[in-house]
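A short worksheet on the structure shown next.
What you see is a predicted model, and the numbers here were worked out from it, not measured in a lab.
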Amino acid sequence: MKSLFDTVSFKCSKLVTQHYSTSFSMAVKMLSPSIREAIYSIYGFVRFADEIVDSFHEYDKENLINDFEKEYYKAIEFGISLNPILNSFQHTVKQYNITDDQIQAFLKSMKLDLIKSTYNSQTEYEDYIYGSADVVGLMCLKVFVKGNEQKYQQLKNEAMRLGSAFQKVNFLRDLKDDNLVLNRNYFPGVDLNSFDENAKNTIINEIEEDFKVAYQGIVKLPIEAKFGVYTAYIYYKKLLKKLKNTPYYEIGSSRIRVSNYTKAGLLAQSFVTYKLKLVV
């Protein structure tokens, strides 16, 4: 009956994805059915860790994230966890040979959110993004290439740049909450109290360069993954464009969103572009 529990576990990861991110959930639906469960399990793992450090303010976050890490390693050791999110994720880690250094880099960045509020140097900034976003892109790439190490190495840099772009867009979109609610500033050299159009444009130019490099990897992805990743890329490009067209003072005072109606339109646009074989 373990197989039934595993099925339920993967469905729980899917449910987490659907409830926490409509945009990512939409993109995962565009992946081949053969790899969707694995991507749901990765999202469930990283989302739960992120929620611990970002949302559970009335609880002992340090104890929760440490317990989460310990339970993950128990799941890896024993091949099962009664936490369905960890149970599904440990299957994916083993099936696709996700390396422990990637898991540790991710958890390190999550734990930094408990003790660090300002990133003063480019090195600190890049290290945080590597752990919080780049390695997530690498985990997903492991699934996309299905064990093809040569393909993995070929696309590794582009996968990290896509993860970086997504994370930096999130930072810019969440500027208000990060600053006023969580008291965090991820951008080195940027004073959020005097955030202006020049600072905004500097960040956007950096993200656009990440996207430019990342696209070169998207077009080389296996067919099972290409359309789903392209869909996520188009959504985030749209969000970045909206941020670019929003005055800096509005970004600092409100959370910029892309409506579900617009997301549906972007999906249709992406589908047409993909079917016309323009994603090459």
Compute the ring centroids of Tyr72 and Phe89, then answer whether they are less than 6.0 Å apart.
->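 Yes, they do, as the ring centres are separated by less than 6.0 Å.
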Within the 6.0 Å centroid threshold, strictly below: Tyr20 and Phe48 =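 They do not qualify: ring centres at least 6.0 Å apart.
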Under-4.0 Å salt bridge between Glu37 and Lys14 =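 The answer is no: the pair does not qualify as a salt bridge.
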Does a salt bridge link Glu208 with Lys237, judged by any charged N lying under 4.0 Å from a carboxylate O?
->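 Looking at Lys237 together with Glu208, the answer is no, because their closest N to O distance does not fall below 4.0 Å.
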So, does [X] use its side chain to make a donor-acceptor pair with the main chain of [Y] at under 3.5 Å?
X	Y	value
Lys226	Val219	yes
Gln90	Asn87	yes
Ser88	Ile85	yes
Thr17	Ser13	yes
Arg184	Ser117	no
Lys61	Val53	yes

Determine whether the side chains of [X] and [Y] contain a donor N or O and an acceptor N or O closer than 3.5 Å.
X	Y	result
Ser121	Thr123	no
Asp174	Tyr186	no
Thr246	Glu250	no
Gln154	Glu149	no
Ser41	Thr92	yes
Asn97	Tyr152	no

Can you see which heavy atom on Asp134 is nearest to which on Gly163, and at what distance?
->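 Taking Asp134 first and Gly163 second, the nearest heavy atoms are OD1-C, 4.0 Å.
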Heavy-atom pair of closest approach, residues Gly44 and Val16 |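 Where Gly44 meets Val16 most closely, the heavy atoms are CA-CG1, 4.1 Å.
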Does Lys220 have any salt bridge (Lys or Arg N to Asp or Glu O under 4.0 Å) partners at least two apart in sequence or in another chain, and if so, which?
->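 So Lys220 forms no salt bridge (Lys or Arg N to Asp or Glu O under 4.0 Å) with any residue.
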Those residues that, when tested against Thr202, pass side-chain contact (heavy atoms from CB on, under 4.5 Å) (two or more places apart) =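 Here no residue qualifies.
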For Asn185 and Phe195, what are the C-alpha separation, side-chain angles and deciding distance, and is it a side chain to side chain contact (heavy atoms under 4.5 Å, CB included)?
-> CA-CA 11 Å; Asn185 178 13; Phe195 186 70; over 6 Å; no
Validate the cation-pi geometry between Lys146 and Tyr96: distance from NZ or CZ to the six-membered ring centre under 6.0 Å, angle to the ring axis within 45°.
->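 Negative - Lys146 is either too far from the ring of Tyr96 or too far off its axis.
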Salt bridge (Lys or Arg N to Asp or Glu O under 4.0 Å) between Lys2 and Asp6, worked out | CA-CA 6 Å; Lys2 173 66 160 53; Asp6 290 340; 2.7 Å; yes
Ring pair (Phe, Tyr, Trp, His ring centres under 6.0 Å), paired with Tyr119, selected from Phe187, Tyr128, Phe171 |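 The single option meeting the ring pair (Phe, Tyr, Trp, His ring centres under 6.0 Å) with Tyr119 is Tyr128.
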Please say whether more than 12 non-hydrogen atoms of neighbouring residues, nucleotides or ligands are located less than 6.0 Å from CD in Glu62.
->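 No.
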